[in-house]
Amino acid sequence: MSTSMKGTTDNAPEPRPTADPRPAPEPRPAPDPQPSGAPQPPGDTALLLPVPDDDGAPFWEYAARGELRVQGCAACGELRFPPRPCCPHCQSFDDRWQRMSGRGRIWSYVLPHPPLLPAYAAQAPYNVVVVELADAPRIRLVGNLVAAPDAALDSVDPARIRIGAPVKVAFHEQAPGVTVPRWLLERP
């Protein structure tokens with residue numbers, strides 16, 4: 001077993017850091033995250049938004065309609081998430097989107113600690129849960145456990161979160177045209 005130590009072995013003072021000769025970057029103005037007048041829970045205006053690719057776009061389109069669907073293979077029937085062009089089981093490029101019940105259980109969770117992005121720091125402590133779907137146990141989705149579909153991320157007391165707790169999906173329009181799945185405890 002080895003140990004590494006930082007510093008010197010003599011009593012000489014540490015050398016002073018030299019100034020960086022490069023100019024400091026110009027500060028950029030923060031983008032306007034949300035048009036005014038759109039209803040948003042407090043602190044929800046600058047949260048990160050999903051960036052769908054071609055394979056995942058149907059997931060977000062179904063979410064906007066209030067449906068939880070998972071990509072599956074049209075040839076062998078295996079479900080897969082995240083969405084991708086080719087089935088990892090049979091290598092077929094044919095897919096279909098299967099509707100899920102929207103029920104699951106908390107498989108894991110985390111309570112993020114600072115430093116956080118400003119919009120998230122304003123809602124701390126909040127949670128991020130990994131939900132194992134009841135009708136597809138190998139499929140796990142990441143989201144937030146909230147008290148109501150449009151509630152703030154910090155709306156559930158962290159002491160109430162338990163591994164294995166049954167949850168159901170809810171949908172929240174986070175920005176115009178962007179709906180994200182969230183999770184509600186089945187037994188509030």
Side-chain angles (χ1 to χ4, degrees), residues 40-41 44 46-113 116-117 119-120 123 125-188:
Q40 293 289 323
D44 200 26
L47 299 181
L48 298 175
L49 298 175
V51 180
D53 60 11
D54 290 340
D55 297 316
F59 176 85
W60 300 106
E61 291 164 10
Y62 286 118
R65 296 192 303 216
E67 297 179 26
L68 183 64
R69 291 191 181 239
V70 172
Q71 185 187 47
C73 179
C76 73
E78 288 290 329
L79 297 176
R80 59 186 184 257
F81 196 88
R84 49 196 173 268
C86 180
C87 176
H89 303 282
C90 73
Q91 287 71 51
S92 171
F93 284 90
D94 298 326
D95 65 20
R96 61 179 169 68
W97 286 83
Q98 183 172 325
R99 190 170 189 161
M100 300 285 106
S101 68
R103 292 194 153 33
R105 68 178 191 89
I106 296 175
W107 187 79
S108 184
Y109 71 95
V110 65
L111 303 171
H113 294 280
L116 302 168
L117 295 172
Y120 292 91
Q123 297 190 54
Y126 66 93
N127 64 74
V128 178
V129 294
V130 178
V131 173
E132 179 180 73
L133 298 181
D135 27 11
R138 291 187 303 150
I139 304 293
R140 297 182 184 121
L141 303 178
V142 176
N144 301 102
L145 184 66
V146 291
D150 296 324
L153 295 183
D154 63 353
S155 62
V156 172
D157 180 355
R160 297 186 58 219
I161 304 171
R162 299 279 183 266
I163 301 292
V167 293
K168 60 185 173 185
V169 74
F171 295 93
H172 167 69
E173 187 174 10
Q174 189 164 319
V178 180
T179 300
V180 296
R182 292 175 153 195
W183 301 93
L184 308 172
L185 288 169
E186 285 219 30
R187 293 181 222 122

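Computation of the quantities below employed the complete heavy-atom set of this structure, encompassing side-chain atoms and omitting hydrogens, waters and symmetry-equivalent molecules.
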> Can you tell me how far OG1 of T179 sits from CD of E173, rounded to the nearest 0.5 angstrom?
Replying inline: 5.0 Å
> Between atom SG of C73 and atom CG of D94, what is the distance when rounded to the nearest 0.5 Å?
Replying inline: 7.0 Å
> Looking at side-chain heavy atoms only, is the closest gap between S92 and C86 below 4.5 Å?
Replying inline: no
>> Can you give me the closest heavy-atom contact between P50 and V178, atom names plus distance?
In response: CD-CG1, 3.6 Å
>> With rounding to the nearest 0.5 angstrom, report the NZ to CH2 distance, K168 to W183.
In response: 12.0 Å
>> Can you give me the closest heavy-atom contact between E186 and V167, atom names plus distance?
In response: OE2-O, 3.4 Å
> Of all heavy-atom pairs between R84 and P88, which one has the smallest distance, and what is that distance?
Replying inline: NH2-CG, 3.5 Å
>> If I take atom CG from residue L133 and atom CG from residue L79, how far apart are they, to the nearest 0.5 angstrom?
In response: 9.0 Å
>> Using side-chain heavy atoms (C-beta onward) and a distance below 4.5 Å, is W97 in contact with P83?
In response: yes
> Heavy-atom distance under 4.5 Å between the side chains of R80 and V70, does that happen here?
Replying inline: no
>> Between R69 (side chain only) and W60 (backbone N and O only), is there a donor and an acceptor less than 3.5 Å apart?
In response: no
>> Counting C-beta onward and ignoring hydrogens, is there a side-chain heavy-atom pair between P166 and R187 closer than 4.5 Å?
In response: yes
> Is it true that a side-chain atom of R182 and a backbone atom of A151 form a donor plus acceptor pair closer than 3.5 Å?
Replying inline: yes
>> Can you confirm whether F171 sits close enough to L68 that some side-chain heavy atom of one is under 4.5 Å from a side-chain heavy atom of the other?
In response: yes
> Distance-only, no hydrogens or angles: does the D135 side chain make a donor-acceptor pair with backbone N or O of M100 under 3.5 Å?
Replying inline: no
> When rounded to the nearest 0.5 angstrom, what distance separates SG in C87 from CG in D95?
Replying inline: 10.0 Å
>> Within the 4.5 Å heavy-atom criterion, are F59 and P52 side-chain neighbours or not?
In response: no
Sequence neighbours left out, cut at 3.5 Å: what donor-acceptor pairs do the side chains of residues 137-148 make with other protein atoms?
residue: R138; atom: NH2; partner: E78; partner atom: OE1; Å: 2.4
residue: R140; atom: NH2; partner: E132; partner atom: OE2; Å: 3.4
residue: N144; atom: ND2; partner: N127; partner atom: O; Å: 2.6

>> Side chains of L111 and Y126, heavy atoms from C-beta outward: is any pair under 4.5 Å?
In response: no
>> For a quick test of reading the model, state the closest non-hydrogen atom pair linking G56 to D53 and the distance between them.
In response: N-OD1, 2.7 Å
> Considering all heavy atoms of both residues, which atom of I163 and which atom of Y109 are nearest to each other, and what is their separation?
Replying inline: CD1-CD2, 3.8 Å
>> Testing the basics here: between L47 and Q174, what is the closest heavy-atom pair and its distance to 0.1 Å?
In response: CB-NE2, 3.2 Å
> Tell me the salt bridge (Lys or Arg N to Asp or Glu O under 4.0 Å) pairs involving residues 151-165, sequence neighbours left out?
Replying inline: none
